[in-house]
Amino acid sequence: MGKRLTAMLLCTAMAASILSGCTNEDPASSSPDPSSASNSHTVEDLLEMVDNVEDSSDMPDWEGETLTLRVWNGHGTGDARRDTSSNDVVRPELERIFGIKIDAENSFDNGGQDLPSKMAVLAATNDWPELGQNVMNQDLVDSGKLYDLTELLPKYAPHYYAMLQKASPRSISSGWNGTGKLYNVASFNNTVEAITTLYDDVDMDKYKYIAIPEERLGVNTQVYVRDDILKLAYPEAKTQDEIEELYLKNGEFTREELYDVPITSKEEAFEFFYKIKEVIDENNITENGKPVYATYAFSGQDNWALLAGLESGINGIPNVDYFTFFNVQTKKIDVLFKQDFFKEDMLRFNKFVRDGVASEASLIENNEIFTNKLNNGEYAISYAWLIPDNAKLEAAGKPYRYRKVYFDIEQNTSLGLNEKEEINMSSGGISIFKDMVKEEDLPRVLAFLDYFYTDAGMNLVTWGPRSAGLFEEKDGVRQYTDKELEACMVYGEQNNAELKYNLAGSAVDRQFCGAYPVLELGIRSGGLKNPRYIYDLTQQERQAGSASNFFSSGLFDQQIKSEGVFKSSHIWNFTNEVEDIKRFWDVRGTGFEPMMTKVLAAKSDAEFEEAYNNMVQYAEENGLTDEALEACNQLMQEKYPEDWAALQGGFKK
């Protein structure tokens, strides 16, 4: 049993009687026998069938025992999103084919705890789930809680394994922490770079309606602003209706049209927030009697959106967080929240709260309250991935929408290195708990997960089964029969029709099986089975819902990145190999993040200084020391020399 997991359980005072079922034996050493299930066809039969059918309706019923699987989302910390589908056509079909039912009612996330704390609770009660999403860590591996899938994936998840070989071969050769072993099934993004790696024959003119080149500063390039309030502050700015009208007329945007709100520096970005507050105050704008703020300081989860998202955007630094980063000046791994500019920006965000730009109440509200306020128009500006739901605003009869406003801030190459990562697919994804899934059922579970990477599986999650009647084929090409679903899936109308049927939406950020619990499997939005690709929108009359795809900075300015690396400088890449980094990361959610929020809540400059120093001291006392950073640098040099050399090389010119 892993020493760290044992120590953690002792701390809960309940450790002595748990994990009695732990084992370190390698399940891959003896291949499971799928023939023991009492069904009329085997798992091998299913894997062969999926290559010979286009639609799940052509697959036979599973006649053996039904497996009920719960999902633990290890990244969830009390997320209020609990979307449910009123007419789910995907999960019942998966249950029919594989005899596997996802138990949404009893699936769970961390419930406000960090992952180690939740893991301790599960261990204390011996109530592990069958599937874990984004739960990979060394303690679970050391204690033998997860199935080793290294030898099983090529046999029982061959379609996934073939994609993994294309997209991230180093994930296979390196495996979990350099062990060469795989314990998970991961998902693939539908970015231009990823899709052209997975497929040899992508028509990029067609695919640009699904994904365009990456935004210049990643998700931090833009904010989302109520267009009625924006128009008061910047009369020349376009509303979302005007953006869509311009797209319908021209089919594209000029750079000047994209950057119609002049924000070209960090200083102008801060001024923008104050200007929005000014017009709210001048016009006494409220929402059903409730105050409207320019923005918020906290979203009820952690500080990531503000201090990794917005903070990166206003500094012109793409894709960084506030923990470890590769400092191009010192050529070593460093800590961002200790940098002078970061501290100065935290003070300015603290003054957002003191000056009433950001809601003080947001610092103590949970995610559910935040989400309700966001979708009621009570925050004029949102940022990072927290996108207001225009469909809900329209359903509520609101006379405005939110639109993207881009920061025209030059990428800053003077400090942090923007690393071009080969995504490490040996972490994250879906893992299978050994105590909860019988060895003889493991092949069926893997075949179920593998289905999402087949043409038939991608058709299912984007079109539904033929038996549901949601599409028809004309000249061999699918078209939706439900016009609301077509408007949503093909033309980007936000009407929640995809949720009604539990289909994977056509936007970049939607995964398969969107109803809770979200399963991050397959290729986001169905790869080349995506309806926008099948409809070939290059030949269709323009639709307003496609405007957002082309209202994008990625079409004008590309990111400057390093040479490719597999082991990047992000802190989570060291938590399983550097003990002090793990010690800090274990208390990040419950200890460090609340202290960071206290810094934002300071009532004066003096109180800010004290809170900031307390935050830094807490981090150092809990492992994030100069010695720990040196251990990270040493690890990179000795164990990952290729990646260390790439980082030392700086930006790729």
- request: Please determine, by modelled atom types, if Thr191 and Asn189 share a side-chain donor-acceptor pair under 3.5 angstrom.
  value: no
query: Do Asn177 and Thr179 meet the criterion of a side-chain donor-acceptor pair at a distance under 3.5 Å?
result: no
- prompt: Given the rule in the ring-ring contact (aromatic ring centres under 6.0 Å, His included) test, do Tyr480 and Trp463 qualify, once you have shown the distances and angles that lead to the verdict?
  reply: CA-CA 8 Å; Tyr480 290 108; Trp463 298 88; 4.4 Å; yes
message: Looking at Glu48, I want to see if its CD is surrounded by more than 12 non-hydrogen atoms of other residues, nucleotides or ligands under 6.0 Å.
response: no
message: Is there a side-chain contact between Asn576 and Asn137 in this structure, where contact means two heavy atoms from C-beta onward sitting under 4.5 Å apart?
response: yes
- request: Indicate the atoms forming the closest heavy-atom contact of Gly74 with Leu115, along with that distance.
  value: O-CD1, 3.6 Å
query: How close do Pro60 and Met49 get, heavy atom to heavy atom, and via which atoms?
result: CD-SD, 3.4 Å
- request: Give a yes or no on this: more than 12 heavy atoms of other residues, nucleotides or ligands lie within 6.0 Å of atom CD of Gln540.
  value: yes
- prompt: Salt bridge check: are Arg170 and Asp643 linked by an N-O gap of less than 4.0 Å?
  reply: yes
field: Residues Trp62, Phe98; criterion ring-ring contact (aromatic ring centres under 6.0 Å, His included); working and verdict
entry: CA-CA 6 Å; Trp62 183 265; Phe98 293 97; 7.8 Å; no
- request: State whether the number of non-hydrogen atoms from other residues, nucleotides or ligands found under 6.0 Å of Lys101 atom NZ is greater than 12.
  value: no
- prompt: Can a salt bridge be assigned to the pair Glu472 and Lys474 using a cut-off of 4.0 Å between side-chain N and carboxylate O?
  reply: yes
- request: Let me see the working for Phe323 and Trp572 under ring-ring contact (aromatic ring centres under 6.0 Å, His included), right down to the final yes or no.
  value: CA-CA 9 Å; Phe323 296 110; Trp572 48 83; 8.3 Å; no
- request: Look at the rings of Phe550 and Tyr209 and say which category their plane angle falls in: under 30° parallel, 30 to 60° tilted, over 60° perpendicular.
  value: perpendicular
field: side-chain contact (heavy atoms from CB on, under 4.5 Å) between Tyr501 and Asp88, worked out
entry: CA-CA 4 Å; Tyr501 299 110; Asp88 189 341; over 6 Å; no
message: Which label fits Trp128 and Phe433: parallel for a plane angle under 30°, tilted from 30 to 60°, or perpendicular past 60°?
response: parallel
message: For a side-chain hydrogen bond (donor to acceptor under 3.5 Å, both in side chains) check, start with the C-alpha distance between Trp644 and Glu638, then their side-chain angles and the critical distance, and finish with the verdict.
response: CA-CA 9 Å; Trp644 182 252; Glu638 295 176 358; over 6 Å; no
- prompt: Any chance CD of Gln637 has more than 12 other-residue heavy atoms, nucleotides or ligands included, within less than 6.0 Å?
  reply: yes
field: Atom of Leu182, atom of Gly175 and distance for their closest heavy-atom approach
entry: CD2-CA, 4.0 Å
- prompt: With a 3.5 Å cut-off and no angle check, do the side chains of Trp176 and Gln138 form a donor-acceptor pair?
  reply: yes
query: With a 3.5 Å cut-off and no angle check, do the side chains of Glu439 and Tyr147 form a donor-acceptor pair?
result: no
query: Which word best sums up how the rings of Phe448 and Phe452 line up, parallel for under 30°, tilted for 30 to 60°, or perpendicular for over 60°?
result: perpendicular
message: Using modelled atom types and a 3.5 Å cut-off, is there a donor and acceptor pairing between side-chain atoms of Ser431 and backbone atoms of Leu146?
response: no
query: Do side-chain atoms of Ser57 reach the backbone of Pro465 as a donor and acceptor pair under 3.5 angstrom?
result: no
- request: Give me the one residue out of Leu46, Thr42, Val43 that meets side chain to side chain contact (heavy atoms under 4.5 Å, CB included) with Pro443.
  value: Val43
message: Do Lys206 and Tyr533 form a cation-pi contact, if we require the NZ or CZ to be under 6.0 Å from the six-membered ring centre and within 45 degrees of the ring's axis?
response: yes
field: salt_bridge(Arg70, Asp127) N-O dist < 4.0 Å
entry: yes
- prompt: Where the side chain of Arg532 meets the backbone of Ala211, is there a donor-acceptor pair that is under 3.5 Å apart?
  reply: no
query: Under 3.5 Å, side chain of Ser187 to main-chain N/O of Leu521, donor-acceptor pair present?
result: no
message: Any salt bridge linking Asp139 with Lys145? Criterion: basic side-chain nitrogen under 4.0 Å from a carboxylate oxygen.
response: no
message: Just by distance, no angles: are the side chains of His159 and Asp51 close enough, under 3.5 Å, to form a donor-acceptor pair?
response: yes
query: Hey, are Asn573 and Ser568 close enough side-chain-wise for a donor-acceptor pair under 3.5 Å?
result: yes
message: Just to verify, which of Glu214, Glu193, Glu421, Glu419 counts as forming a salt bridge (charged side-chain N to carboxylate O under 4.0 Å, His left out) with Lys561?
response: Glu214
field: Shortest non-hydrogen contact from Thr538 toward Asp205
entry: CG2-O, 3.2 Å
task: Could you check Ser552 against Glu215 for side-chain hydrogen bond (donor to acceptor under 3.5 Å, both in side chains), going step by step and ending with a plain yes or no?
output: CA-CA 7 Å; Ser552 169; Glu215 300 279 20; 3.2 Å; yes
- request: Report yes or no: is the cationic atom of Lys567 (NZ for Lys, CZ for Arg) under 6.0 Å from the centre of the six-membered ring of Phe574, at an angle within 45° of the ring normal?
  value: yes
- prompt: Is any side-chain heavy atom of Val135 less than 4.5 Å from a side-chain heavy atom of Asn184?
  reply: no
field: Basic-acidic side-chain contact under 4.0 Å: Asp61, Arg96
entry: yes
query: side-chain hydrogen bond (donor to acceptor under 3.5 Å, both in side chains) between Glu577 and Tyr640: does it pass, once the steps are laid out?
result: CA-CA 12 Å; Glu577 294 175 275; Tyr640 305 97; 3.1 Å; yes
field: N-O pairing of Asp55 and Arg478 below 4.0 Å
entry: yes
